Amino acid sequence: MPPYVNPDPADALLHQAFVSVLGPAGPVGAAVLIGPRQVLTCAHVVNSALGRDRFDPGPPSRAETLTLLLPHVDRQRALTGRVVPETWRPPRSRPAPGRPEPPAAGSLPYYGDLVVLELDAEAPPGAEPAPFLPHREGNEVVALWASGHALPTVRAVPRASAHPWIALDVLGGRVAEGFSGGPLWDRDRQAVVGLVVASHEPPGRPAPDGSDPVAHRHGPPAAMYAIGLSSIEAELPDLPPVAVPAAGRGRQQLVGMLEQLLSSRRQVVQCEERLSARLHRRSAGAAVDVERLAGLAMGVRRGVPELLDIVYDDLAEARPGGAAGAADWQRMLGIARIVSPRERLSLGRRRNLNALLAACAAIDADVLLRKVLPYADDTPVPVDLADATAILEGYDAPAGQPMPPLLQGVVHIGVHERAAGGELADDLDAWVRSAAPRLGVAPAAVDQFRADAVTTLQAASAHAAAAGARARRRTAPPRVQVELLPVPPGHLFAYQIWVWSEDGRHEVVLTEDTGVPSHQVVEAIRRVLRTEVREDPETALLEFFVSPAWMRLDVDAWEFPSDAEDSGFYPGITRRVVLRSSERTRETYASWKRRSSALPTSPRLLLDARSADPAVARARLEVSPEAGIVVVSCDQQLQGRVLRQCIEAGVHTVLWHREDHGERIATDLLALVEDVDHTEIPEVVRLERAKAVADPDCPTHHGRRLSLLHDGPDHRPPPLAPDPWALTQP
């Protein structure tokens, strides 16, 4: 890969908005122009420019100024900027904005790290606010170093969006200090899709001078992290709407419809003044026309829904009977869906809804998506209810259904909140009553849908209560998840450790970016079990997420030797250790779902030495499309190829022996999982390992070197894994 991207005239919009942030010794970071006098960057860039600790949580005073430069517009003119105090979001390790505690040494902050700077004067002529869009997986992006020079540009591809960050694979160039705060530019869509915030350079990567090509060939790719548009808007809810690339499709239809609805010049002027005020833009005053009105709406994020809101109010004033049922209003909504296909709500209405959803907890976000879109297989994994409703916002109502998925989702949330005794049900209902007519939905349709949702929930609650009375009450133990990154040739490891529990906690608690030996990894796991899980009475499940190439690591056989104060720690005996794949993809998801639904009754499948050929293994798995539990018994040198075939076919559970193979071991392993519920297989394997250690006189016990890949329906890999995660929470 080339180490830089050649200058491209198509990047003119990026150059007009690119800002360098200067410190005493020169550029320390970058920023992006979002308004005539507003600049957006990372808080740690501002801290560095002012000579403070980069994770300092305290806001700089208005008296402290920063020197900024637009290198592609006017390299000679330095600008002065000051922090807008209410936008200060320092780097923090917890989601709650009210807890600005800095991250631990050596770890990444994950949250916050944003600030808006106000310029003392408007940007020089030629500067233009950057257009923004949400990132798109697979689209290559570029980032510029602080100086803005085109040569040290980095190329990357977004791999996974895991709120609040986007993880990217670096394709060309090297990320270094000075990229932070700069815009990620999507050339295909001509828009900024995020701000660079951090990087991960795995051990074993080549030196900057390229002196180690072998390490480059075998080492894991460098990762870059960015703050996406949705995270920026969530952290800075009062940020003025950012610009977007002006759409072309539907523009003439929108202009024609506005000319029809706004019949007088007074209406056009009044609507343009209102829209300019809402979007924090200058009004054209007497020079306004319908073309200007449509262009203003289409050039700003959520500008079209804002325009619809204003036109609706204007029609309501002119038509006392209301506009929701009018044929021309329905045509207007149809055109808006062409011009702005994924935006239904105005900025204020979206923020009001998000404020309500932040306090709702009666229904889970992906449960809500499955309820509203039961047959949609390609929906992204929602982080919270606000994210789920943002996903629903992009879907149209199916034929014959008056309620769009967005309103369906909010009604379901309100119904569940009322059933759980929540205080926000009335507010959610009021929000729906206000939004429904503007989306072309009659109040009667909303009332009918809500009544049906209440009936369905009551029936489901009665069924669940009956099932719960019959079932043995048991709380699932917490899970400790280790994202393991072996450093070639595999004797050292980088890692991130996560804790997941049924109460909704799923967060990183410990990271290590440099290679350490296995006993230090185990020591870190033991520390997390003590400080985060606190030795739960039920043994926690310990999950290692690795790629298929490393599936045969003896992680369950690692140990932390005993010392004077404590006994030794053996993960494979004291904990239910399982391996999980870090390379499950969208292509395997359909097979994974089919095998998941058939798990209670599916047969156990044996792939022996005759299936060592990948083509044969693939055919055996295709012939048994419902088999979710597979026993592999072939030569250990061929096991990796068979394991990869199992993962690509969507198999949940694979049991194999790292050394022995043949008819005897295959029979033993099949008997081990016969008539065992798939959720209990990790515990069964743990007990077999313990039996092998307890019987040192029997070196042939199958519990020795027994390995398990258990990738069941509750697969929850860490969201910022440097390997490609396509599915984070099926």
Side-chain angles (χ1 to χ4, degrees), residues 4-5 7-8 11-35 37-50 54 60 65-75 77-84 87 89 91 109 112-119 123-124 126-132 135 141-156 165-166 168 170 173-187 191-199 224-229 231-232 236 242:
Y4 60 85
V5 176
D8 190 337
D11 294 338
L13 289 173
L14 169 63
H15 297 156
Q16 290 165 353
F18 184 85
V19 181
S20 293
V21 181
L22 307 181
V28 297
V32 59
L33 190 69
I34 60 172
R37 296 180 60 172
Q38 290 82 38
V39 170
L40 180 65
T41 187
C42 291
H44 81 262
V45 170
V46 171
N47 278 335
S48 297
L50 295 176
R54 69 170 56 195
T65 61
L66 294 100
T67 303
L68 309 172
L69 196 68
L70 276 86
H72 298 284
V73 176
D74 188 347
R75 184 171 290 275
R77 180 180 172 185
L79 303 172
T80 301
R82 306 170 193 271
V83 168
V84 179
T87 67
R89 301 291 185 273
D113 211 352
L114 289 166
V115 66
V116 173
L117 305 178
E118 184 180 27
L119 303 178
E128 290 290 338
F132 279 76
H135 89 284
V141 296
V142 296
L144 301 180
W145 190 64
S147 70
H149 197 278
L151 291 182
T153 302
V154 167
R155 297 168 52 217
W165 282 1
I166 305 167
L168 305 101
V170 175
R174 182 181 177 86
V175 185
E177 297 215 4
F179 281 91
S180 289
L184 271 186
W185 182 252
D186 187 323
R187 279 182 162 170
V192 174
V193 295
L195 297 187
V196 178
V197 66
S199 66
M224 182 167 67
Y225 299 113
I227 307 175
L229 180 56
S231 296
I232 292 171
L236 301 171
V242 294

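Since we're looking at a predicted model, the values are computed, not measured. Residues: numbered from 1 along the sequence shown.
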If I compare all heavy atoms of [X] with all of [Y], which pair ends up nearest, and what's the gap?
| X | Y | result |
| --- | --- | --- |
| Pro91 | Arg54 | CG-O, 4.1 Å |
| Ala226 | Leu184 | CB-CD1, 3.4 Å |
| Val170 | Val154 | CG1-CG1, 3.9 Å |
| Ala127 | Leu70 | CB-CD2, 3.4 Å |
| Val73 | His15 | CG2-O, 4.0 Å |
| Ile227 | Ser231 | CG2-CB, 3.8 Å |

Side chain to side chain contact (heavy atoms under 4.5 Å, CB included) with Leu117: of Thr65, Thr80, Leu66, only one passes, and it is Leu66

Side-chain touch [X]/[Y], heavy atoms, less than 4.5 angstrom:
| X | Y | value |
| --- | --- | --- |
| Trp185 | Val192 | yes |
| Val21 | Leu68 | yes |
| Val242 | Ile232 | no |
| Leu144 | Leu14 | yes |

Please name all residues satisfying side-chain contact (heavy atoms from CB on, under 4.5 Å) with [X], sequence neighbours left out, ordered by chain then number.
| X | result |
| --- | --- |
| Pro60 | Val46, Leu50, Arg52, Glu64, Val83, Trp88 |
| Glu128 | Gln16 |
| Arg77 | Asp74, Leu79, Ala121, Pro124, Pro125 |
| Asp186 | Asn139, Val141, Asp188, Arg189, Val193 |

Residue pairs fulfilling salt bridge (charged side-chain N to carboxylate O under 4.0 Å, His left out) with at least one residue in residues 15-28, sequence neighbours excluded: none

Partner residues of Ser180 under the side chain to side chain donor-acceptor pair (under 3.5 Å) criterion, sequence neighbours left out: His44

If we ignore hydrogens and angles and just use 3.5 Å, is the side chain of Trp145 paired with the main-chain N or O of Gly29 as donor and acceptor? no

In terms of the angle between their ring planes, are Phe18 and His72 parallel, tilted or perpendicular, with boundaries placed at 30° and 60°? perpendicular

Distance, nearest 0.5 Å, that separates [atom1] of [X] from [atom2] of [Y]:
| X | Y | atom1 | atom2 | answer |
| --- | --- | --- | --- | --- |
| Glu118 | Arg82 | CD | CZ | 9.0 Å |
| Tyr225 | Ile166 | OH | CD1 | 12.5 Å |
| Leu195 | Asp113 | CG | CG | 9.5 Å |

